[in-house]
Number of protein chains: 2
Amino acid sequence: MIISHNLKMYVQKLRSSNLRPTKQRLKICQFLFDRKKTFHFTVEALNKKINKNVATKVSLATIYNTVEAFTNAGYLKEILTSKNKSYYDTNIKSHHHFYDEGSKELTDIHYSQIKLSRVPVPPKGKKIKNLEVVIRIQK
Amino acid sequence: MIISHNLKMYVQKLRSSNLRPTKQRLKICQFLFDRKKTFHFTVEALNKKINKNVATKVSLATIYNTVEAFTNAGYLKEILTSKNKSYYDTNIKSHHHFYDEGSKELTDIHYSQIKLSRVPVPPKGKKIKNLEVVIRIQK
DNA sequence: TTCTAGTTTAGAATTATTATAAACTAAGTA
DNA sequence: TACTTAGTTTATAATAATTCTAAACTAGAA
Ligand SMILES: [Mn+2]
Ligand SMILES: [Mn+2]
Ligand SMILES: [Zn+2]
Ligand SMILES: [Zn+2]
């Protein structure tokens, strides 16, 4: 068994967000963040991957709780693009996506790859919270 | 009871899409399309409004069936922006939206109000199906 | 070691949506 | 007009994603 170099970092990270570094949360941290590329996922998919070929499973409720906690703590970003299912993204920087309607997969588009040269003013009293573009693609 | 000027038009419209002009479909057509401004709605909201203070209700299943049929026929556009709930739009032209996270309401942004001066090329073998921007706003 | 607030868990509940199948009806034909 | 039937409506069941509940467990402070 390979111990993540980053384990201590995750412990600190969790503590700094007032989240106890439990076995389950650390396992999910390692799975989500011990990687170089952005990871996009649904809770269903994460649950399958986390619990594939393991002796002690993390419960689905904990996967949901943890993804929500990590999103609130700013470790993950929620992407609303699909009917009836939330996607999450380990890339928390502001950026855009391709959403493939066939494979139902998200791909990053770097923020600088889309130039919005004209953006409307929001209604009175309202502020823009988020301006990230999802480009739907298909074969 | 005021008879919609457009009733005959709706009958034709439905027939041209191979949809029988039933009482229920015509009632829903009048409710959705006898108006000047774009109407954005969820099925839940439409169901409430259609069945408010009426003797004979349209069943929820029919509301779902009809909204799906109208979307397939191109009378409505589906807007995926909210968690776990689909929105529909009587404005079928390509256009953008503000989505108010507080009131959970959509507002149109005319297509010309957002200028995308740089758009990335889709992955090989994939085509852009849709490029409509949702700007999330809040107080 | 003890204590407790925070966490995990199985399972129930909820919400949005889709499927099922019986009753009904639009509309073509005799 | 009556007959016929494919299409439609409807109540209800089923499904899928998510959230809630409450009991058991545990991290970490004292
Ligand atoms: Mn759903
Ligand atoms: Mn849901
Ligand atoms: Zn991303
Ligand atoms: Zn609109």
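Both backbone and side-chain heavy atoms feed into the values below; hydrogens, waters and symmetry mates do not. Residue numbering restarts at 1 for every chain, and letters A, B, ... go by the order of the sequence lines.
- The CG-C1' distance, from A/Asn18 to D/dA29, rounds to 14 Å in whole Å.
- Phosphate contact (OP1/OP2 of D/dT18, side-chain N/O of A/Tyr64, threshold under 4.0 Å): present.
- Between A/Thr42 and D/dA17 there is no side-chain N or O to OP1 or OP2 distance below 4.0 Å.
- Within 6.0 Å of the NZ atom in B/Lys129, the count of heavy atoms belonging to other residues, nucleotides or ligands does not exceed 12.
- Atom OH in A/Tyr87 sits roughly 14 Å away from atom C1' in D/dA16 (whole-Å rounding).
- Ion pairing between a basic and an acidic side chain is recognised when a charged N comes within 4.0 Å of a carboxylate O; A/Glu44 and A/Lys85 show such pairing.
- Pairing each heavy atom of B/Thr38 with each of B/Asp89, the nearest pair is CG2-OD1, 3.0 Å.
- The nucleotide whose nearest atom lies closest to any side-chain atom of A/Pro21 is, among D/dG28, C/dA26, C/dT8, D/dG28.
- Within the cation-pi definition used here (under 6.0 Å to the ring centroid, within 45° of the axis), A/Lys93 does not qualify as a partner of A/Tyr111.
- When ring centroids are compared, B/His40 and B/His97 come within the 6.0 Å threshold.
- The interatomic distance linking B/Lys27 (NZ) with C/dT25 (C1') rounds to 16 Å, in whole Å.
- Residues B/Glu68 and B/Leu19 each lie close to DNA chain C; by heavy-atom proximity, the contact nearer the 5' end of the strand is made by B/Glu68.
- Here D/dA17 presents its P atom at 15 Å from CD1 of A/Ile63, a figure rounded to the nearest Å.
- The distance between atom CD of B/Glu78 and atom C1' of C/dT18, rounded to the nearest whole Å, is 13 Å.
- Nucleic acid contact class of A/Ser86 (heavy atoms, under 4.0 Å, all strands): sugar-phosphate only.
- Of the candidates C/dA16, D/dA6, C/dT17, the closest approach to any side-chain atom of B/Lys85 belongs to C/dA16.
- Of the listed nucleotides (C/dT25, C/dT8, D/dT18), D/dT18 has the atom at the smallest distance from the side chain of A/Val43.
- Aromatic rings from A/Tyr88 and A/Phe39 are positioned such that their centres are separated by 6.0 Å or more.
- The listed nucleotides are C/dT9, D/dT10, D/dA27; the one nearest the side chain of B/Thr62 is D/dT10.
- Between B/Gln24 and D/dT10 there is a side-chain N or O to OP1 or OP2 distance below 4.0 Å.
- Considering only the side chain of B/Arg20, D/dT8 comes nearest among D/dT8, C/dT17, C/dA5.
- Distances were taken from every side-chain heavy atom of A/Asn84 (C-beta onward) to each of C/dT17, C/dT25, D/dA27; the shortest belongs to C/dT17.
- Figure legend: cation-pi geometry between A/Lys77 and A/Phe70 absent, as NZ or CZ is not positioned both under 6.0 Å from the six-membered ring centre and within 45° of its axis.
- Counting to the nearest Å, the P atom of D/dA17 and the NZ atom of A/Lys104 are 11 Å from each other.
- Between A/Arg15 and D/dG28 there is a side-chain N or O to OP1 or OP2 distance below 4.0 Å.
- The nucleotide whose nearest atom lies closest to any side-chain atom of A/Lys23 is, among D/dT8, D/dT26, C/dA27, D/dT26.
- Checking the phosphate oxygens (OP1, OP2) of C/dA26, no side-chain nitrogen or oxygen of B/Arg25 falls inside 4.0 Å.
- Nearest approach of B/Ile128 to B/Pro120, heavy atoms of both residues: CD1-O, 4.3 Å.
- Note that the two end axes of the helix from C/dT1-D/dA30 to C/dA30-D/dT1 enclose an angle of 10°, each drawn from 5 base pairs, rounded to 10 degrees.
- Nearest heavy atom pair, residue B/Leu19 against residue B/Ala69, reads CD2-CB, 4.2 Å.
- In this entry the distance linking CG of A/Asn47 with P of C/dT9 reads 11 Å, nearest Å.
- For B/Glu44, counting side-chain heavy atoms from C-beta on, the closest listed nucleotide (D/dA11, D/dT9, C/dA16) is C/dA16.
- Taking the side chain of A/Ala61 as heavy atoms from C-beta on, and the options C/dA26, D/dT9, C/dT9, the nearest nucleotide is C/dT9.
- Along DNA chain D, the nucleotide nearest to B/Lys83 and the one nearest to B/Ser59 differ in position, and the one closer to the 5' end is contacted by B/Ser59.
- As a whole-Å value, the separation of A/Leu60 CG from D/dC20 P is 14 Å.
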